[in-house]
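Scroll down for the structure; my scribbles are underneath it.
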There are 2 protein chains.
Amino acid sequence: MTEEKQDKKDHILEVAEKLFAELGYDGASTRLIAQEAAVNMAMLNYYFGGKEGLYFAIFQKHVSEQKLRLQNLNNEEISSFEKLEKCIDNYADKMMSNCAFQKIIYREMSLSQRSDINKKIISLISQNALEVKKIISEGINNGSFNPEADSDMLVASLFGTKSYLINAAEMSSLLIGEDVTDPDVIEKTVKPRLKNHMKKMFSAYLINHNGNKK
Amino acid sequence: MTEEKQDKKDHILEVAEKLFAELGYDGASTRLIAQEAAVNMAMLNYYFGGKEGLYFAIFQKHVSEQKLRLQNLNNEEISSFEKLEKCIDNYADKMMSNCAFQKIIYREMSLSQRSDINKKIISLISQNALEVKKIISEGINNGSFNPEADSDMLVASLFGTKSYLINAAEMSSLLIGEDVTDPDVIEKTVKPRLKNHMKKMFSAYLINHNGNKK
DNA sequence: ATTAATTAATCAATCGATTAATTAATTTTG
DNA sequence: CAAAATTAATTAATCGATTGATTAATTAAT
């Protein structure tokens, strides 16, 4: 029964995440979430203590999942650029599985409310961002990367490009000429193009930087 | 009196834009907007026909303002990269004046509601995005840009980097080590670094692309 | 005198949350 | 092991608060 109960909670979390991503925090009413998850509205409060608790639980889930992943990368003995390539692949690969959550995150981050949630987001995302920054800084320090490179802006470009593709999906679709919310298109078009683009561009800027005369 | 009335309407629009950016559409109640703008709540409906009308009016204002600006760029007889540099400067310079509106735009674009507003946004933003894409495509076609470059992804990187800095301001502040919502910091630090970063990176990738052996 | 602008009070609708009642599951006990 | 007792899970109905919008009355402008 504990397993069934957990399945039920997980199902609610899934439905809620999808609806929060589509409609926003206020737009996704508890009534709609309960209806869509086929549970009584009072169960949301019974399980999660309220709407905010449900919202929190979604973040908790992703935090714990992420902690498992984010460990044995920076230990490997490979070049700085190979590390960076792994980061690029990693974030591009999570494109589909994390799509809804990413929408929620960036939307929440752009709001000046719920500062407790905001702090949670920062501590969650900052791990990734600071890790990437560290890799770039290392590359600069050990002389393999362009010494003029701006590690902060590079992080902004890496994360910003992906978030633009996902959060501004309608614009991206217009640009690319295909529906970038279609899983097939993401897998066969967006992912490979994003990976290739980031690697080539970063490589040209960080490694083959022989055009700077000054 | 018509002038006074227009000033009043403009003032309401300013206050509303700020509050919508900070708190989101649902978070900014008409009561709060009216209070903050020091007008009676009923005036919002009297002037704009309702909350949605007020929201619409903000978009209308920016659309009409933009149409004035977006004309005599692509006519100039300068190199493709110089055009691209002008675009970079242009979007970086609008960073402060457009900050609140950009938050609203990207948040709205990531939501699956208000499709009428969404279309307005797409038609507004797509002009800029497609213009940049056109410049890059031209550069590729006339042989001055890296023929392997992905114009769509480059647009995503340009717009995505800026939107990351603004919409994920708390993350950016953590990265950079300064408060990127502070106008002084934007002017003296963020703007020049963003401009320099985008120009250098695009230059390395699009022009000095001699590291590709295949 | 007529229209426009502004106000305070109020409307119905929706929201998240809670209640009390009922059913299911689990534990205790004889 | 089975009946009773206790706890957990689930439901429908309802609560107060807040929302956007509207009204009727008042003031200002034409």
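So you know, we letter chains A, B, ... as the sequences are listed, proteins then strands, and number each from 1.
- Here NZ of A:Lys9 is found 10.0 Å from OH of A:Tyr46. Values are rounded to the nearest 0.5 Å.
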Original post:
Pairs counted as Watson-Crick or G-U wobble with both distances under 3.5 Å: what dot-bracket string results for DNA chain D, using | for bases tied to another strand?
Top reply: ||||||||||||||||||||||||||||||
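- Both tests do not hold together for B:Lys86 against B:Tyr91: distance to the six-membered ring centre under 6.0 Å, angle to the ring axis within 45°.
- Among residues two or more places apart in sequence or in another chain, the side chain to side chain donor-acceptor pair (under 3.5 Å) test is passed with B:Arg31 by none.
- Between A:Tyr164 and B:Phe159, the two ring planes are tilted [angle within 30° to 60°].
- Cation-pi geometry between A:Lys51 and A:Tyr25 is met: the NZ or CZ atom falls under 6.0 Å from the ring centre, inside 45° of the normal.
- By the 4.0 Å N-to-carboxylate-O rule, A:Glu138 lies close enough to A:Lys83 to be salt-bridged with it.
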Original post:
What is the per-nucleotide protein-contact pattern of nucleotides 5-17 of chain C, from the 5' end, where B denotes a base atom under 4.0 Å from a protein heavy atom, S denotes such proximity for sugar-phosphate atoms only, and - denotes neither?
Top reply: BBBB-B----BBB
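- A salt bridge links A:Lys199 with A:Asp89: the closest approach of a Lys/Arg side-chain nitrogen to an acidic carboxylate oxygen falls below 4.0 angstrom.
- Atom pair A:Lys9:NZ and D:dA8:C1' shows a separation of 13 Å (rounding to whole Å applied).
- A salt bridge is absent between A:Lys119 and B:Glu170: the closest approach of a Lys/Arg side-chain nitrogen to an acidic carboxylate oxygen does not fall below 4.0 angstrom.
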